[in-house]
Amino acid sequence: MWIMIAGPYGSGGADAETRQMRLAALNRAALDVLARGHVPVIGVNMALPMIEEAGAARYEEIMMPVSLALAERCDAILRIGDESAGADAEVARIQGAGGTVFTDLAQIPEATP
């Protein structure tokens, strides 16, 4: 399965250090999903290089549209962390497409070859 990892990144006006810690948590969860034999996907990781190139002023124009478009192509989502309107929107997008929502890594089955 392609499994999106969704959690807070910039929620609550997070400062740079908090955003880095949150991104690290998303990436650690992605490694765990990969270890179960699935393809982990993180919207922030896809959007940030484009935002860096375009400039921070275009953050809103890029971040969620890219993340939500990516969510539409995933089979499931792992929702981690605290409150996040963006992560909740990703969950809603996957649910709307009939995908599975996991709230704990233990819920994700091992992939079969």
Side-chain angles (χ1 to χ4, degrees):
M1 282 188 286
W2 283 53
I3 302 176
M4 177 171 261
I5 316 304
Y9 172 70
S11 300
D15 60 25
E17 183 179 341
T18 299
R19 287 191 309 272
Q20 267 314 110
M21 288 187 323
R22 289 173 173 175
L23 184 57
L26 291 166
N27 285 315
R28 281 191 304 275
L31 286 171
D32 292 336
V33 167
L34 182 65
R36 290 185 172 271
H38 302 285
V39 177
V41 176
I42 301 172
V44 175
N45 283 346
M46 179 167 258
L48 283 179
M50 288 183 272
I51 292 166
E52 185 176 312
E53 187 64 31
R58 295 184 62 195
Y59 180 93
E60 295 296 328
E61 173 189 342
I62 297 170
M63 180 61 79
M64 284 315 298
V66 167
S67 291
L68 292 174
L70 189 58
E72 290 175 356
R73 286 149 181 87
C74 292
D75 304 300
I77 191 163
L78 173 61
R79 175 63 167 90
I80 65 167
D82 297 325
E83 292 183 26
S84 168
D88 292 342
E90 291 166 343
V91 167
R93 189 63 61 103
I94 285 179
Q95 282 179 319
T100 304
V101 177
F102 300 111
T103 56
D104 188 280
L105 184 67
Q107 296 172 322
I108 300 173
E110 295 283 335
T112 54

Out of curiosity, [X] [atom1] to [Y] [atom2], how far, rounded to the nearest 0.5 Å?
X   : Y   : atom1 : atom2 : value
E60 : I51 : CD    : CD1   : 8.5 Å
Y9  : Q20 : OH    : CD    : 6.5 Å
L78 : E90 : CG    : CD    : 11.5 Å
M21 : D15 : CE    : CG    : 7.5 Å

Side chain to side chain contact (heavy atoms under 4.5 Å, CB included) with [X]: which residues, sequence neighbours excluded?
X   : result
E72 : R93
R58 : A54, E61, I62
N27 : L23, I42, N45
A76 : M1, I3, T100, F102

[X] atom [atom1], neighbour heavy-atom count above 12 within 6.0 Å:
X    : atom1 : result
E110 : CD    : yes
D82  : CG    : no
M64  : CE    : yes

> With sequence neighbours excluded, what pairs up with D75 under the salt bridge (charged side-chain N to carboxylate O under 4.0 Å, His left out) test?
Replying inline: none
> Of all residues at least two apart in sequence or in a different chain, which pass the salt bridge (charged side-chain N to carboxylate O under 4.0 Å, His left out) check with E52?
Replying inline: none
>> Using only atom types and a distance under 3.5 Å, with no angle test, would you say the side chain of R22 pairs donor to acceptor with the backbone of A14?
In response: no
>> Has R73 got a side-chain atom pairing as donor or acceptor with A69's backbone, closer than 3.5 angstrom?
In response: yes
Identify the two heavy atoms, one from [X] and one from [Y], that lie closest to each other, and give their separation to 0.1 Å.
X    : Y   : answer
A111 : G37 : CB-O, 3.3 Å
A29  : I80 : CB-CD1, 4.1 Å
I77  : A6  : CD1-CB, 3.5 Å
R79  : A87 : NE-CB, 3.5 Å
A71  : I94 : O-CG1, 3.4 Å
S11  : A85 : OG-N, 4.5 Å

Under 4.5 Å between side-chain heavy atoms, counting indirect links through other Ile/Leu/Val/Met/Phe/Trp/Tyr residues: same cluster for [X] and [Y] or not?
X    : Y    : value
V101 : L105 : yes
I108 : V39  : yes
L34  : M46  : no

